[in-house]
Each structure stands twice: as structure tokens, then as C-alpha cells.
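Notes to accompany the following structure.
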Amino acid sequence: MIKVTLPDGSIREYEKPVKALQIAQDFDPELAEKSLCAEVNDKLVDITYTIDEDAKINFPTFETDEGKEVYWHSTAHLMAQAVKQLFPSTKLAIGPAIEQGFYYDFDREESFTDEDLQKIEMKMKELIAQSLPYHRTELSKAEAIEIFSEMNETYKLELLEDIPEDEIISSYKQGDFIDLCRGPHLTDTGRIKAIKLLRTSGAYWRGDEKNKMLKRIYGISFPTEKELADYLQFLNEAMQRDHRKLGKDLDLFSINDEVGPGLVLWHPKGAMVRHLIEAYWKEQHLKKGYQLVYTPHIGRASLWETSGHLGFYKENMYSKMDIEGQDYYIKPMNCPFHISIYNSSLHSYRELPIRLAELGTVYRYERSGVLHGLMRVRGFTQDDAHIICTPEQMDSEVEKLIVFSLEMLKAFGFKEFLIYLSTQPEDCVGKKEDWDKATASLAASLEKLGLEYKVDEGGGAFYGPKIDIKIKDALGRAWQCTTIQFDFNEPERFDMTYIGADNTAHRPYMIHRAVLGSVERFFATLLEYHSGNLPLWLAPVQIILIPITDAQIEYTRKIEEQLLEQGFRCEFDARSEKMGYKIRAAEKSKIPFMCIIGKNEEANNQVTLRQHTVGDLGAMNLEEAISILRQKL
RNA sequence: GCCGAUGUAGCUCAAAGGUAGAGCAAUUGAUUUGUAAUCAAUAGGUUGGGGGUUCAAUUCCCUUCAUCGGCUCCA
């Protein structure tokens, strides 16, 4: 007798071993139709899997992450089959499902062209029409090696080497195509309804740039054409809200060839937004007990030797410059300067924690291929601070910091965050017990605050563990903003001390932290998040004044004066164009409010307000208009 | 840095081995307009840079720079 716990919690008993699919059909025929695989005791298996003992069972559909993963993974196999049929000499590497779709890496001399992709897509559709079953075979390692060496799939053999001798290895076969794979898979290729190959790229074998560069094809698939069309539409919309496009359209910033790649020119409107972000940032930091500092952009080589940057960070630093025979470097980080400020005088434990904050512009070498709009640049401004505290203060400082960071991000409208805790890497400085203590402190704070987070095992900096908070861009790519990092390295190197209650010198703890991360990246994410429709308090131009005819220019000027007096940022469209034209222009430049003034308004001493994307709010007197505006601030 | 694609007017895009064209934006003039484009005229480009092939290159080839999509790395 086998007891099966069904998705709704009920239990059904079977006399004999039974296939998952059968259970699904008995439970809910509609679900059985839609289920892509089975989840037996929290392990994903084929829907054809036979259950021979008591089990808890679930049936993931495409609506679930597990279902999508299986669906896309099977599509990756299908694509590989098509590629092998069209280009038989191609060797297979790996082909997993990813967050949005799947890819497969191939070893082939030639690159895949757009025409190749089309051919592959056509071939995939043929194979879909044949509804080829995905057939699972379990093998010993020796058998697997035999099969894949016969096929000369050297990458698969390399993968096999890493699998322990006694482990059961599985392969999946559909039609004439066989692949080393853990599974599970769909029942057959006919389950895949709508496919699209999206792009090609290069990718190193096993992600290591010392290895051969393979040819990767990315694609996606869906159970219906409609879902595919929706997804392509989403990609299209994402393009519209790309910060690089918005930056150009709204004249916020540019990156100029002659100035240099990765170096940002902030145009007046972008600079206004940045100013507003920074002003808010400063205000908040002062409220939280931070002290503002300013530090130079370059420092002597000896400073960077003391800090250790010339040892461990040299690859990201620009080459030295010579000043009267002395070597100087442009700063990739602000910490040595902040520490120098701390070290400029003696500190008592009573002064701690000391929190030194600076919007510090740093320059880091980034390889040309990684630059990306404002998200990855070579010169950027960190909203940096260093918290120097006693070991006892560490917990409460970390906790305050997490709360503060989330508050700040929420103030700009962000609601969803990805939080990571990165732990001790192999190469690192500091004692293990310090690491454990600091890591535990970070984890404890996150848990105390009830925040969900992922642990990035060994992902810490070499000088300490850290918490990172990431925000997603328009395409769902996550970008790091907040980082809270312990530092066991620099307090030692700079011999930082404070005088304790016992009147002897002690080594303080130091936390590096950036809440927004970099102003450039944060600004970009902010733009994408709001699709360029910045909240009123951040909009570079808040109100555009639109006189309907020249006759109202004088009256409109008076209104403008009063709005400016009230602290609003205004623009005036005095062109001799029709109102509709000016409204269109204002809508396109995403100005939050329009103040439209014709002869009626002037006669009644009123203004007409129109809100961006909302429309006409009607005529009212100026006081009313101002109170509406104030409410939106 | 590596793999691939791209680079034409401020923006979006055409064309083609015989020295480039449109729409929008800009400028000027006319128009004085009631909630997403009034009309006309003008101006704007050594087709990213350098080199080569050719009688002729913006087009073909090489090289270099930059951008885009990834890999790798990170704020």
C-alpha cells in the first residue's frame, strides 16, 4: 500500500507502484493536462516517474518557477537537437534554463548568424510537430563515458569526470538526439508550443576566461503563442524605459566618445535630479548622526600601499601620475581618506561610533566590454560612509544601517529588494573567529528585522563579510545598490585605535557602506523604475506654463513668478504654437504638471492644471493649484 | 579583454562602387490657436577615425575607436 499526499493535502492510497501522471489524472484531469513534471518529496522528476513508496506529490505547471524551468530546459534540448541536425560537427557544452528562458552553449568554429537562428527555429518547429518523447535512461558512469566518447562529445566527458563513480547518471533522448542530463523533462517535444531564439553571444566554457570561448544561443518558449507575444511586447516596453534611451530623450546625460567611455556628462536636467537626490541624502545622513567630509581625488602611492589597494586592487586602478617626482594615484575608493581623517586625532570610546560620510567620486578601470550606460561606468560617485565603532556597537550599527538603507530606497519609490549575505571567501584576511562573529552579526540583524535573504557562500570581500541589497532594472537584471561591508583589513593596516574605558588603545571595527551604491547607477535604476516619470519632488521640471496665445504671456509670467516664489521648478513654453502642440511636447518630456492659461483663465484670475498621463484637472485659482501640487510632493 | 552585431544630420531611420535623402527637432516668417503634431521657407553631414583596393569608396578590404547583446568582473 502506498500513501500519496496530494497537492491539496489529502491522501490517496494505491495498491501498487503508480506513475505520477496517473496520480495527477486521478486527482485533477485538468491539472494533469497542464502539469509539466512532478515534484515527489520535494524532488523534481518526470511526470512518467513511478512512485513506489509513500510520498508527498505536487504537479508544477508553467505558472510555477519549477514548471518554467523544466519547460525551458526541455526547449534547450530541443534547440540542441535542431543545431546538431543542421550542423552535425557542432559539439555540445551545457544548456540550462535561466530566469527568462534558456541558453545552450555550443563549440563550433563559425558563429551563428541571424539566418542560422531562423533555420534552427524552423527545424525546432519541425521537431515539435513530431512530438518526440523525451526518454530517460539511467546509466553507470562507465556506460555514460562510453556513449559520449563514441559521439565525441568531449565537453560532456569533461562534465562526467566530475561526477562521483557511484552516482546514477541519466541521459535523455528525443529522436536521434541524446544528452547527458539530470532532468526532469517534458513528456515530449509536442508540449512546446511557441518558441523564439533571441540572441547569440560568446561564453567561456565553465565561465572561465582561460577556457575556450563557445557560441551561446539564448531563447525562450511558452505554452501559447499569446504568452510569447506578450513576452516580446514586454521586451519592447523594457527598451522604451531603458535609462540610456530616457537619458537621451529627456536630455539628462550623455557619454561622449571624445571625453571617454564610461565617463558621464550630466546635463542640466540630469544634474538637477542628481542634486535633489544628493540633497535628500545629505539631509537624511545628518539626521542619522553622520558627519559629512570631503576628500581629494588623488593620493600618494604610499597611502595606497598602506591601505593595501596597490596589492589587491591594482587591476582596477588607473596608472600612476607623476607629481614632482612623487607617484600619485586617482582614487578607486574613499576609505583611506576617511581613515586618515579618523587618524588625524586621538579618539575615546565615548566618541564612537563615528560615521564619516561623503559623496565621493572614484575612478575604477573597467574592461571595455562591461561598460553599460550609467550602470557600469569608469568614474562614479559613491554615497560612501565609514562607520568606526567598538565591537560592542557593531550589532546595533548594522541593524540601524539595514533599516536606514531600506528607508532610503523606499523613499525613492522602490518596493522590491533582493538581499544577499556574503560570507568568508577562501583568500581573506582576518581571524576566523572575527569573520564568524561579524557574519553572525549581519545574519542576526537580517533575521531580527524579518528580512528574507540569500546567502552567497564565500562571496564576501577578502577583507570582510557583507550584506548587499539589489534592485532590478527594466529587463529584470538585478543591480547592486546598498552594500554593507565589514573590514578586518584596513583598521589593522592604518593602525586605527581608540582609547577604551581601561585607558589603553583598542582596535575599532570598521564598516564600509553605500546605500544608493553609486549615484550614477542609482539614478539609472530610478529612471527605469519610474519609466522616466519621476515623482514630483525629483522631477527636474515640475511645471510647464503654457499660454494659449501671445495675449496671455504677460499674465502667465506673473503666475510663473508666483510658482517660482513657492519653490517650484518651472519652464515656460512661449512658442507661437497651438496649445495641442505644446501639450504634446510637454507630455513627451514627461513633465508632471502643465499650467495652461487662456483668455478665460486670465479673465477669472485662474489657471488650468493638466497632469502628465492623467489629463485635464480643470480651471482653478492659483492657491488651489498650489495645494494640489503640494499634496503630490 | 573575449564572442557576435552595429556605427549615415541633434533624434529616428532610408539609399547606394559614380562625392547622400526623409520625418521629427532647430532657425526664420506667417498664424494667435482651448487639452497629444498649423503652414511655409531656411539651415544642418568629409556617412565614427586611420589606411588600402579602384579612374572613382560613404558602399569592398584591413585596422582602430565607440555603442549594443552576452561571457568575465563589480557600485
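So that the names make sense, note that chain A is the first sequence line, chain B the second, and so on, each numbered from 1. On a predicted model such as this, the values are computed, not experimentally measured, just so you know.
For B:C68, one of the phosphate oxygens OP1 or OP2 lies less than 4.0 angstrom from a side-chain nitrogen or oxygen of A:R244. One finds a side-chain N or O of A:Y581 lying less than 4.0 angstrom from the OP1 or OP2 phosphate oxygen of B:A25. Using a 4.0 Å cut-off, some side-chain N or O of A:S111 falls inside it from OP1 or OP2 of B:G4. Listed pair A:R575 / B:U38 fails the phosphate criterion, with no side-chain N or O lying under 4.0 Å from OP1 or OP2. The side chain of A:S368 places an N or O atom within less than 4.0 Å of a non-bridging phosphate oxygen (OP1 or OP2) of B:G1. At least one side-chain nitrogen or oxygen of A:H372 sits closer than 4.0 Å to the OP1 or OP2 atom of B:G69. Close to B:C74, at under 4.0 Å from its OP1 or OP2, lies no side-chain N or O of A:Q480.
The base of B:A75 lies outside donor-acceptor range of the side chain of A:Q485, with no N or O pair under 3.5 Å. Between the base of B:C74 and the side chain of A:R521 there is a donor-acceptor pair shorter than 3.5 Å. Contact annotation: side chain of A:Y365 to base of B:G1, donor-acceptor pair absent below 3.5 Å. Under 3.5 Å, the side chain of A:R364 and the base of B:C74 form no donor-acceptor pair of N or O atoms. For B:U72, the base has a donor-acceptor partner in the side chain of A:R367 [N/O atoms by modelled type, under 3.5 angstrom].
The ring of A:F380 lies on top of the base of B:A75, close enough and flat enough: under 5.5 Å between centres, under 30° between planes.
Looking at heavy-atom distances under 4.0 Å, A:G459 makes no contact with the nucleic acid at all. Nucleic acid contact class of A:G598 (heavy atoms, under 4.0 Å, all strands): base.
Shown are A:K215, A:K84, A:K212; of these, the salt bridge (charged side-chain N to carboxylate O under 4.0 Å, His left out) with A:D107 is made only by A:K212.
B:U19 sits 26 Å from B:U6 when the P atoms are compared, rounded to a whole Å. Comparing B:A5 with B:U64, their P atoms are spaced 16 Å from each other, to the whole Å. When the P atom is compared between B:G49 and B:U58, the two are found 9 Å apart, to the nearest whole Å. When the P atom is used for both B:C13 and B:U8, the distance is 10 Å, rounded to whole Å. Comparing B:G45 with B:C68, their P atoms sit 26 Å apart, to the nearest whole Å. Rounded to whole Å, the separation between the P atoms of B:U59 and B:A9 comes to 15 Å. Comparing the C1' positions of B:G17 and B:U53 gives a spacing of 12 Å, expressed to the nearest Å. The separation of B:C55 from B:A40, taken at their P atoms, amounts to 47 Å, rounded to a whole angstrom.
Separating the NZ atom of A:K248 from the P atom of B:C24 is a distance of 20 Å, rounded to the nearest angstrom. At whole-Å resolution of the value, CG in A:N211 and P in B:C3 are 15 Å apart. Nucleotide B:C71 holds its P atom 14 Å from the CG atom of A:L198, rounded to whole Å. Nucleotide B:U35 holds its C1' atom 15 Å from the CZ atom of A:F593, rounded to whole Å. One can place CD of A:E577 at 13 Å from P of B:G29, the figure rounded to the nearest angstrom. B:A36 atom P lies 12 Å from atom NZ of A:K578, rounded to whole Å. In this structure, CG of A:D468 is placed 14 Å from C1' of B:C73, rounded to the nearest angstrom. Regarding A:D249, its CG atom lies at a distance of 14 Å from the P atom of B:A25, rounded to whole Å.
A salt bridge links A:R206 with A:D162: the distance from a Lys NZ or Arg NE/NH1/NH2 to an Asp or Glu carboxylate oxygen falls below 4.0 Å. No salt bridge links A:R584 with A:E577; every basic N to acidic carboxylate O contact stays at or beyond 4.0 Å. Of the charged side-chain nitrogens involved, at least one lies within less than 4.0 Å of a carboxylate oxygen, so that A:R557 and A:E560 count as a salt-bridged pair. A salt bridge is absent between A:D468 and A:K470: the closest approach of a Lys/Arg side-chain nitrogen to an acidic carboxylate oxygen does not fall below 4.0 angstrom.
Relative to the side chain of A:E366, the nucleotides B:C74, B:G69, B:C71 differ in distance, and B:C74 lies closest. Closest to the side chain of A:L371, out of B:U35, B:U67, B:G1, is B:U67. Considering only the side chain of A:S576, B:U31 comes nearest among B:G69, B:U35, B:U31. Taking every side-chain heavy atom of A:N600 into account, B:G34 is the closest of B:G70, B:C65, B:G34. Comparing B:A36, B:U35, B:A66 against the side chain of A:K588 picks out B:A36 as the nearest.
Less than 6.0 angstrom separates the ring centroid of A:F337 from the ring centroid of A:W304. Ring to ring, A:F593 and A:F568 are not that close: their centroids are 6.0 angstrom or more apart.
Residues A:R199 and A:Q552 each lie close to RNA chain B; by heavy-atom proximity, the contact nearer the 5' end of the strand is made by A:Q552. Comparing A:K215 and A:I583, the nucleotide of RNA chain B nearest to each residue sits closer to the 5' end for A:K215.
Summarising the base pairing, B:G10 is matched to B:C24 through a Watson-Crick or G-U wobble pair whose two defining distances lie under 3.5 Å.
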